[in-house]
Amino acid sequence: MLRVENLNHYYGGSHTLNDVSFEIAPGSCMALLGRNGVGKSTLLKSLMGVEPVRSGAVVLDGKDITHAKPHARARLGIGYVPQGREIFPRLTVEENLLTGLAGTKSRAIAGEIYEMFPVLKDMRRRRGGDLSGGQQQQLAIGRALTMAPKLLILDEPTEGIQPSIVKDIERVIRALNEAEQIRDAIRAVVQQKRIAILLVEQYYDFARSLASHYLVMERGAVIARGRGEDMDKDGVRDLLSL
């Protein structure tokens, strides 16, 4: 679904991404881990086209999107939930969700969004700014899903969220990877492959519970990679605490 080849990015003279390469298959969840300031968010912004890269390639579902604009990448199937959620606080929950349909032919929110996040249905007339942090995170994920993405990028979805909401988010991510009927209903398109997920996360146990594969970054480079089930054996927790 996503192939990243030798991606290099600079902020001025600072080499912030150094030959980053990886692949994410349909229906899999790649956990991207690392301490603060190692380049994780820069990588996500580069994948979305918000940050231009110096060299390398980004290929989505066989199409080279290295130089595509952010809106074009969204239309091609990348859903992005940035760190900090970035919902529209003065718009209602329903209006926020509808913004995810911009540029698509659909004008109706899939009922499965409300099934996954019942609180959004209960509060659909409330302004986004009146929701709690956990509810806003659910809204941000729901908004990304309304566009029926092939790839869902999540930048620290559990940051500042109470444990009960973390469990709800974990349940939804797992369902997107595994449940065919939920996948097909949300995406509103016929016979497409399962959603691939790129998850940036500081909460180790949350990432380990969901990851089919993992990457660890340090100083803009990938220093470790492997299967999610091997994270403990590979000493990933120790790499994050060094």
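Side-chain atoms of Thr92 do not come within 3.5 Å of backbone N or O of Arg126 as any donor-acceptor pair. Proximity of a side-chain donor or acceptor of Gln83 to a complementary backbone N or O of Asp155 within less than 3.5 Å is not detected. At distances below 3.5 Å, not a single donor-acceptor pair connects side-chain atoms of Thr16 with backbone N or O atoms of Gly39. Checked by atom type and distance alone, the side chain of Lys40 pairs as donor or acceptor with a backbone atom of Gly34 at under 3.5 Å. The backbone N or O of Leu131 sits less than 3.5 Å from a side-chain atom of Gln136, completing a donor-acceptor pair. The closest donor-acceptor contact from the side chain of Ser28 to the backbone of Ala196 lies at 3.5 Å or more, if one exists at all.
Glu156 places a side-chain heavy atom less than 4.5 Å from the side chain of Gln202.
Looking at Asp122, Val93, Ile141 one by one, the single match for side chain to side chain contact (heavy atoms under 4.5 Å, CB included) with Phe117 turns out to be Ile141.
Nearest approach of Val50 to Pro52, heavy atoms of both residues: O-CD, 4.0 Å. Contact detail for Pro149 and Gly79: the closest heavy-atom pair is CB-N, 3.6 Å. Minimum heavy-atom separation, Ile65 to Leu76: CG2-CD1, 3.6 Å. Shortest non-hydrogen contact noted between Leu152 and Ala144 is CD1-CB, 3.8 Å. Taking every heavy atom of both residues into account, Lys150 and Met1 meet most closely at CB-SD, 3.6 Å. Closest approach of Val200 and Pro157 over heavy atoms only: O-CD, 3.5 Å.
Sequence neighbours left out, the pairs with a member in residues 201-216 that pass salt bridge (charged side-chain N to carboxylate O under 4.0 Å, His left out) are Asp205-Arg208, Asp205-Arg237, Arg208-Asp232.
Note: the hydrophobic cluster containing Ile169 also contains Tyr114 (ILVMFWY, side chain heavy atoms under 4.5 Å, direct or indirect links). Cluster membership check: Leu98 shares its hydrophobic cluster with Val119, using side-chain heavy-atom separations under 4.5 Å among Ile, Leu, Val, Met, Phe, Trp and Tyr. Both Phe22 and Tyr80 are members of a single hydrophobic cluster when ILVMFWY side chains are connected at heavy-atom separations under 4.5 Å. With hydrophobic clusters built from ILVMFWY side chains whose heavy atoms lie under 4.5 angstrom apart, Tyr203 shares a cluster with Val81.
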Do Leu199 and Phe206 pass the side chain to side chain contact (heavy atoms under 4.5 Å, CB included) test, and can you show the C-alpha distance, the side-chain angles, and the key distance before you say yes or no? CA-CA 10 Å; Leu199 169 68; Phe206 179 82; 4.0 Å; yes
Dump the intermediate steps for side chain to side chain contact (heavy atoms under 4.5 Å, CB included) on Asn8 and Val53, then the final yes or no. CA-CA 6 Å; Asn8 286 276; Val53 297; over 6 Å; no
Please evaluate residues Tyr214 and Asp234 with respect to the criterion side chain to side chain contact (heavy atoms under 4.5 Å, CB included), reporting the C-alpha separation (whole Å), side-chain torsions for both, the decisive distance (0.1 Å), and the verdict. CA-CA 11 Å; Tyr214 73 85; Asp234 293 347; 2.7 Å; yes
Begin from the C-alpha positions of Leu60 and Leu151 and carry the test side chain to side chain contact (heavy atoms under 4.5 Å, CB included) through to its verdict. CA-CA 9 Å; Leu60 178 70; Leu151 170 68; 4.3 Å; yes
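When hydrophobic residues (I, L, V, M, F, W, Y) are linked wherever their side-chain heavy atoms come within less than 4.5 Å, Tyr11 remains an isolated member. In the hydrophobic clustering, where aliphatic and aromatic side chains (Ile, Leu, Val, Met, Phe, Trp, Tyr) are joined below 4.5 Å either directly or transitively, Leu91 groups with Phe88.
Note that CG of Leu17 and CG of Leu47 are 8.5 Å apart. Values are rounded to the nearest 0.5 Å. With values rounded to the nearest 0.5 angstrom, Asp61 atom CG is found 10.0 Å from Leu2 atom CG. From Met116, atom CE reaches atom NZ of Lys121 across 13.5 Å, with rounding to the nearest 0.5 Å. Between atom CD1 of residue Ile78 and atom CE of residue Met147 there is a gap of 8.0 Å, rounded to the nearest 0.5 Å. For the atom pair CD (Glu23) and CE (Met30), the distance works out to 8.5 Å, reported to the nearest 0.5 Å. Note that CD of Glu95 and CZ of Arg143 are 13.0 Å apart. Values are rounded to the nearest 0.5 Å.
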